Amino acid sequence: DCGVPDRQNYGLMRTEFTPEQLQDPGTARANEILRACVHCGFCTATCPTYQVLGDELDSPRGRIYLIKDMLENERVPDDKTVTHIDRCLSCLACMTTCPSGVHYMHLVDHARAYINDNYRRSWDDRALRWILAHLIPYPTRFRLALFAARLVRPIRRVIPDPRLRAMIAMAPRRLPTPSRNDTPQTFPAQARPAKPQDKAQQKTPIRRVALLTGCAQKALNTDINDATIRLLTRLGVEVVIPQGEGCCGSLTHHMGKEGLAHASAARNIRAWSREMDGDGLDAIVINTSGCGTTIKDYGHMFRNDPLAGDAARVAAIAMDVTEVLSQLNLTTSAPEPLRVGYHAACSLQHGQQIKDAPKTLLKNAGFEVVSPADSHLCCGSAGTYNLMQPQISAQLRDRKVATLAAIEPDVIAAGNIGCMMQIGQDNPTPVVHTVELLDWATGGPKPAALKTP
């Protein structure tokens with residue numbers, strides 16, 4: 001019994017933090033969030049882990065009570081609390097569902113940081129988290145790790161740790177050649193068709209944007225950034241890859257490693273601020289939605305930091321690539337009649353509340369777009385979740401793959417590399433990024449995943 005009240009007993013949650021506790025900004029924010037909850041339980045209906053496990057403590061409402069008890073009493077986290085918080089995907093479906101506007105993301109992130117600082121994990125768990133935090137955000141290291149994983153793939157079934165087996169299974173059978181487009185440089189806008197009176201203006205790009213090239217994506221799939229650059233420059237946008245940008249920090253942030261996460265984010269904030277103060281930026285374009293959710297939250301993350309002003313400026317112009325494309329004159333025609341199964345990444349539909357733009361762009365390009373049943377439920381990727389919680393992740397993946405297969409798509413489109421890797425494992429249906437299809441429809445090459453081997 002977790003002490004959760006009956007869901008019909010609605011009312012604002014009471015908290016008992018002391019004035020001294022509320023001097024801490026993280027605790028003060030947690031208090032605001034907790035007091036907004038009316039423990040109605042609507043969140044349980046859309047929580048993937050509750051759907052799979054059926055345990056109240058594996059629902060947002062249950063976790064909220066565990067977090068409240070842990071923070072109010074300033075106690076060392078116990079194994080039970082850590083287990084249930086570790087099982088949270090941070091898919092944020094609960095925030096879409098919540099009628100009271102409970103900002104669960106900020107609450108669970110603070111709880112994870114508290115756990116990281118106050119809980120002693122087992123040696124193997126600490127080792128795994130250290131490896132993930134020091135490999136995935138660094139493309140060269142990650143590429144070497146993926147190459148090593150490929151070598152041991154034939155014997156992965158005899159490896160006892162399911163988390164290590166999951167890491168090996170994630171490694172693609174073929175690693176892409178590193179792209180020269182991922183290094184700091186500027187891609188000028190292509191010349192656009194002009195009316196006679198507009199010719200003088202065609203030398204000026206309609207927008208200047210910075211593109212986040214990411215970390216894991218650079219090692220796993222170079223086609224996404226290449227397609228994004230081609231598509232944006234074709235539409236008259238100048239694209240810059242700033243010196244100094246790198247991992248957005250989301251991976252370590254969701255592991256509770258605030259120091260590492262903020263260091264990564266600060267590097268990006270400084271890099272993008274230099275561009276904003278120099279030749280200017282109209283947007284920071286992100287084509288990995290998990291990164292976009294974190295970058296749009298930089299203002300909150302750095303609210304008590306000397307970088308607060310620049311962090312807020314960066315967050316204000318951060319945009320998913322489909323948001324930018326929706327504002328441009330994207331005239332397309334599908335090269336082939338394809339039935340596209342659209343997978344809505346949680347970080348896009350729940351984290352950023354971007355639901356219609358990707359589908360509208362694909363439909364306007366001439367593709368038939370269909371969505372699977374229960375499209376609000378997570379595929380189980382969730383950053384490193386599929387590596388740290390492989391059993392639950394596999395159940396969610398199987399459910400998602402089955403609902404996608406039921407709509408019989410020719411291709412699956414998604415806006416997040418993690419989802420693409422998760423859904424694409426041993427899936428006969430090709431999986432591509434939304435921008436790859438839009439690039440193809442506007443004159444770019446056919447996505448490699450659609451080409452006959």
Side-chain angles (χ1 to χ4, degrees), residues 2-5 11-18 21-50 55-78 80-119 249-250 252-258 261-262 290 293-294 296-304 315 346-347 350-353 378 382-383 385:
C2 66
V4 177
L12 293 176
M13 181 176 290
R14 295 179 57 186
T15 58
E16 297 179 357
F17 291 103
T18 66
Q21 288 177 309
L22 295 176
Q23 292 299 309
D24 175 68
T27 303
R29 176 61 177 145
N31 182 54
E32 293 174 359
I33 298 166
L34 289 168
R35 291 176 66 86
C37 179
V38 297
H39 38 76
C40 62
F42 290 174
C43 54
T44 61
T46 56
C47 176
T49 50
Y50 182 73
D55 189 332
E56 176 75 34
L57 294 179
D58 285 311
S59 73
R61 184 171 66 168
R63 292 185 181 110
I64 283 172
Y65 275 85
L66 291 173
I67 294 169
K68 175 180 180 291
D69 176 64
M70 178 178 68
L71 296 180
E72 277 187 340
N73 295 297
E74 294 184 338
R75 62 177 174 78
V76 175
D78 56 44
K80 175 176 146 182
T81 298
V82 173
T83 294
H84 291 294
I85 293 176
D86 281 353
R87 286 178 183 169
C88 176
L89 292 139
S90 281
C91 71
L92 307 182
C94 55
M95 287 180 58
T96 296
T97 309
C98 180
S100 303
V102 174
H103 205 302
Y104 179 80
M105 181 177 79
H106 289 168
L107 181 65
V108 75
D109 284 346
H110 179 63
R112 286 174 172 146
Y114 182 91
I115 289 170
N116 183 72
D117 294 341
N118 295 280
Y119 178 73
S250 63
T252 47
H253 182 64
H254 295 309
M255 292 169 69
K257 299 180 180 294
E258 278 193 336
H262 283 218
T293 301
T294 296
K296 289 182 177 183
D297 202 44
Y298 275 1
H300 171 77
M301 290 170 61
F302 286 83
R303 65 195 183 283
N304 299 303
C346 295
S347 47
H350 302 308
Q352 301 179 54
Q353 292 295 305
C378 184
Y385 190 91

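Predicted model, so just to flag it, every value in this text is computed and none were measured. All heavy atoms count here, side chains included; hydrogens, waters and symmetry mates do not.
Partners of D78 under the salt bridge (charged side-chain N to carboxylate O under 4.0 Å, His left out) rule, at least two apart in sequence or in another chain, are R75. Qualifying side-chain contact (heavy atoms from CB on, under 4.5 Å) partners for S250, counting only residues two or more places apart in sequence or in other chains: C248, H254, T294. Scored by the salt bridge (charged side-chain N to carboxylate O under 4.0 Å, His left out) test, K257 finds no partners at all (sequence neighbours excluded). For D297, there are no salt bridge (charged side-chain N to carboxylate O under 4.0 Å, His left out) partners, not counting sequence neighbours. Residues passing the side-chain contact (heavy atoms from CB on, under 4.5 Å) test with C91, sequence neighbours excluded: P48, L89, A93, C346, C378. Remark: T15 pairs with F17, N31, L34, R35, K68, E72 by the side-chain contact (heavy atoms from CB on, under 4.5 Å) rule, at least two apart or across chains.
Of all heavy-atom pairs spanning P77 and Y119, the tightest one is O-CD1, 3.2 Å. Annotation for H350 and L92: closest pair CB-O, 3.3 Å, computed over non-hydrogen atoms. Residue P25 comes nearest to N304 through the heavy atom pair CB-ND2, 3.2 Å, listed as atom of the first residue, atom of the second, then distance. Residues V102 and C98 come closest through the heavy atom pair N-SG, 3.4 Å. Closest heavy-atom contact between L71 and Q21: O-NE2, 3.5 Å. Contact record, H110 with A30: CD2-CB, 4.1 Å, taken as the closest heavy-atom pair.
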Between R63 and T81, does a side-chain hydrogen bond (donor to acceptor under 3.5 Å, both in side chains) hold up when you go through it step by step?
CA-CA 8 Å; R63 292 185 181 110; T81 298; over 6 Å; no

Output, in order, the C-alpha distance, side-chain angles, deciding distance and verdict of side chain to side chain contact (heavy atoms under 4.5 Å, CB included) for M70 and V76.
CA-CA 8 Å; M70 178 178 68; V76 175; over 6 Å; no

Does I33 form a side chain to side chain contact (heavy atoms under 4.5 Å, CB included) with H106? I'd like the steps, not just the answer.
CA-CA 8 Å; I33 298 166; H106 289 168; 3.6 Å; yes

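Under the 4.5 Å side-chain criterion, counting only non-hydrogen atoms from C-beta, E56 is not in contact with Y65. With contacts defined as side-chain heavy-atom distances shorter than 4.5 Å, the pair D117/E258 does not qualify. Contact of the T49 side chain with the Y385 side chain is registered, since non-hydrogen atoms from C-beta on lie closer than 4.5 Å. A heavy-atom distance below 4.5 Å is not found between the side chains of R61 and Y50. Inter-residue side-chain proximity for C40 and P99 is flagged as met; some heavy-atom pair is nearer than 4.5 Å. Side-chain atoms of P60 and M95, non-hydrogen and from C-beta on, never get closer than 4.5 Å to each other.
Atoms OG and NE2, on S90 and H253 in that order, are 8.5 Å from each other to the nearest 0.5 Å. Atom CD1 of I67 sits about 7.5 Å away from atom CD1 of I115, to the nearest 0.5 Å. Separating the CZ atom in R112 from the CD1 atom in I85 is a distance of 8.0 Å, to the nearest 0.5 Å. The distance from the CZ atom of R303 to the CZ atom of R29 is 7.5 Å, given to the nearest 0.5 Å. Separating the NE2 atom in H84 from the CG atom in L66 is a distance of 6.5 Å, to the nearest 0.5 Å. Residue Y104 holds its OH atom at 8.5 Å from SG of C43, rounded to the nearest 0.5 Å.
Between the side chains of Q353 and T96, at least one donor N or O lies within less than 3.5 Å of an accepting N or O.
Checking side-chain atoms of N118 against main-chain N and O of Y114 turns up a donor-acceptor pair under 3.5 Å.
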